[in-house]
Peer 1: 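Here you go, one structure.
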Number of protein chains: 2
Amino acid sequence: MTDAVALPLRERKKAETWTALHEAAASLALQHGVEQATVEAIAANAGVSPRTFFNYFQAKEDAILGLREPVLEASLLAEISVTADDLVGQVSRLLMTVASTALGGDDRARRRQLIARDPHLGRRHMDYMVKAETLVCQALAGVLGQESAWADGVEGFGPEESARMLVMIAGVPIRFKLTSADFDPVEGISAETLQPSLALLRHLLRKLS
Amino acid sequence: MTDAVALPLRERKKAETWTALHEAAASLALQHGVEQATVEAIAANAGVSPRTFFNYFQAKEDAILGLREPVLEASLLAEISVTADDLVGQVSRLLMTVASTALGGDDRARRRQLIARDPHLGRRHMDYMVKAETLVCQALAGVLGQESAWADGVEGFGPEESARMLVMIAGVPIRFKLTSADFDPVEGISAETLQPSLALLRHLLRKLS
DNA sequence: TTGCACAACTGCATACTTGCAGTGATGCAC
DNA sequence: GTGCATCACTGCAAGTATGCAGTTGTGCAA
């Protein structure tokens, strides 16, 4: 995580506690299995109380995988060109990028081992996908509202509604990839591995419209 | 629920226990609020143990609303015409019908009161939407596999993959409607109320492809 | 009718999760 | 530095959820 300097003490301690909990959770789960790694033991190993554990993670699985709340950088939003012809692709990739910010921690090998042993750990990815969707949705509504081609809305719906449905459509190839048998939850999704699913979506869009 | 006759005793008792738990849950939640209606109290009022409660419902909210596992009637599947030009609409409506089979119990007024007081109850609809999607997905894959236009697959994907993504696309207008501010979780979605969302989807499909 | 297989159900033990009231450290203005 | 608002953290208590081993009742076939 290559922490830079100059963080306020409070922020730094918070980050340290986060890391301590994640490390303890992943380590214990690897040694004794997810079931045996109780919240109590994790908290004890990290030197905090069980109650504090839930101030950092919504569920034990999140701590083991090192999942954070996703964030959307303003600079990424600025790169979106609403008038370009590959709008679905752009939004899909944005969605993917935002979703991937939810993955904290950096020990990929360990994560792979954990998910291999307990596949159910991988399922929480979808939850964080939903959070990313919400984030992108709100942001995109703002962008569309300032574009003449979208601002007026279509078919009796405003730009907010257009944005909402657009994000849902752009989310399809990602959900598709996420639920594929060959999906690797450790590597996540990249712009390249998303390509085939995006191609299938475009093909179906033509076939159905 | 107009139970017909001639059910085996075992089936009948199971249905009775289901109804007793749902009635107790809805009634207690209405009287004292969702928070105060504990699983323990619900089970006691229904005359079964708390453990048994969880053999019937995955969560307290499901019991209060009377949600069941959705089912897909074979006859509905037979009506699907893969070659028709309104395939998205057909699948959307099928999806909607299957999802609506998850709503058991029949006291609409009570359900309305409950959701009005505790809006978070409505959110579990989405979970059952996912289950319905899975169901329709598997079924549709079988249908597409027998159609020459789809059997070969497209863009390097087989009919299963086409079906999966097709269902995701058809699910968009429903998810859209489900997350709309004006959505009424009591009335659910009908073929007519789905129309505008479906129109917006078609519009976007044309605009994006 | 008897006996068996199976599903429903139960108690018990344990773990997960949340709310609340209280304590102490931090950051900031003065 | 002093005082204050805020936040991180804690203990405690209660509610939610699950697994397991054991019991009871049902359906069915001999």
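Hydrogens, waters and symmetry mates are skipped; everything else that's a heavy atom, side chains included, is used.
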Peer 1: Indicate whether OP1 or OP2 belonging to dA8(D) is found under 4.0 Å from a side-chain N or O atom of Lys13(A).
Peer 2: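 Result: no.
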Peer 1: What residues in residues 26-43 of chain A put a non-hydrogen atom under 4.0 Å from any atom of DNA chain C?
Peer 2: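 Within this stretch, Thr38(A), Val39(A) sit under 4.0 Å of the strand.
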Peer 1: Once you round it to whole Å, what is the distance between P of dC9(D) and CH2 of Trp18(A)?
Peer 2: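 After rounding, the gap between these two atoms is 14 Å.
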Peer 1: Just checking, any donor-acceptor pair under 3.5 angstrom between side chains of Gln31(A) and Ser27(A)?
Peer 2: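 Distance-only check passes for Gln31(A) and Ser27(A).
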Peer 1: Taking Asp107(A) first and then Arg112(A), would you say they form a salt bridge - that is, a charged N and a carboxylate O separated by under 4.0 Å?
Peer 2: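 Salt bridge between Asp107(A) and Arg112(A), a charged N being under 4.0 Å from a carboxylate O: no.
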Peer 1: What is the separation between atom CZ on Arg12(A) and atom C1' on dA25(C), rounded to the nearest whole Å?
Peer 2: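 In whole Å, dA25(C) C1' and Arg12(A) CZ are 14 Å from each other.
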Peer 1: In whole Å, I'd like the distance from the CZ atom of Phe54(B) to the C1' atom of dG11(C).
Peer 2: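 Those two atoms, CZ and C1', are 15 Å apart.
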Peer 1: Name the orientation class of the two ring planes belonging to Trp18(B) and Phe57(B) (parallel below 30°, tilted from 30 to 60°, perpendicular beyond 60°).
Peer 2: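 Judged by the thresholds at 30° and 60°, the geometry between Trp18(B) and Phe57(B) is tilted.
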Peer 1: For a quick test of reading the model: is some side-chain N or O of Lys60(A) closer than 4.0 Å to OP1 or OP2 of dA15(C)?
Peer 2: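 Indeed not, no polar side-chain atom of Lys60(A) lies that close.
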Peer 1: For Glu11(A) and dC28(C), what is the distance between atoms CD and C1' respectively, to the nearest whole Å?
Peer 2: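 Roughly 15 Å, once rounded to whole Å.
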Peer 1: Quickly work out the Asn55(A) CG to dA25(C) P distance and round it to whole Å.
Peer 2: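 Taking CG of Asn55(A) and P of dA25(C), I get 18 Å after rounding.
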Peer 1: Phe57(A) CZ to dT17(C) P: how many Å, rounded?
Peer 2: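 Phe57(A) atom CZ is separated from dT17(C) atom P by 13 Å.
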Peer 1: Hey, does the side chain of Lys14(A) come within less than 4.0 Å of dC7(D)'s phosphate (OP1/OP2), counting only N and O?
Peer 2: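 Answer is no, no contact under 4.0 Å.
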Peer 1: Does the Thr101(B) side chain pair with the main chain of Pro70(B), one donor and one acceptor, at a distance under 3.5 Å?
Peer 2: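 Flag not set: sc Thr101(B) to bb Pro70(B) has no pair under 3.5 Å.
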Peer 1: Strictly below 4.0 Å: does Thr17(B) bring a side-chain N or O up to OP1 or OP2 of dC9(C)?
Peer 2: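 Yes, Thr17(B) has a side-chain N/O under 4.0 Å of OP1/OP2 on dC9(C).
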Peer 1: Counting only side-chain heavy atoms from C-beta out, which of dT16(D), dG19(C), dT17(C) sits nearest to Arg51(A)?
Peer 2: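 That would be dG19(C).
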Peer 1: Between Glu69(A) and Gln58(A), is any pair of side-chain heavy atoms under 4.5 Å apart?
Peer 2: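 With C-beta onward as the side chain, the pair touches.
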Peer 1: Does Glu23(A) come within less than 4.0 Å of Arg110(A), counting only side-chain N to carboxylate O?
Peer 2: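 A salt bridge links Glu23(A) with Arg110(A).
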Peer 1: Please table the atom pairs, donor to acceptor, closer than 3.5 Å between any side-chain atom in residues 132-145 of chain B and protein atoms at least two apart or in another chain.
Peer 2:
| from | atom 1 | to | atom 2 | distance (Å) |
| --- | --- | --- | --- | --- |
| Glu133(B) | OE1 | Arg175(B) | NH2 | 3.3 |
| Glu133(B) | OE2 | Arg175(B) | NH2 | 3.2 |
| Thr134(B) | OG1 | Val130(B) | O | 3.0 |

Peer 1: Tyr56(A) near the nucleic acid: base, sugar-phosphate alone, or nothing, with a heavy-atom cut-off under 4.0 Å?
Peer 2: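 Answer is sugar-phosphate: Tyr56(A) comes under 4.0 Å of backbone atoms only.
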Peer 1: Just to confirm, is there a sub-4.0 Å distance from OP1 or OP2 of dT10(D) to any side-chain nitrogen or oxygen of Ser49(A)?
Peer 2: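 The answer is yes; a side-chain N or O of Ser49(A) sits under 4.0 Å from OP1 or OP2.
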Peer 1: For the pair made of CD in Gln58(A) and P in dG19(C), what is the distance, rounded to whole Å?
Peer 2: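 Rounding to the nearest Å, CD of Gln58(A) and P of dG19(C) are 12 Å apart.
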Peer 1: Return the value, rounded to whole Å, for the distance between atom CZ of Phe53(A) and atom C1' of dC12(D).
Peer 2: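 My rounded result for the distance is 19 Å.
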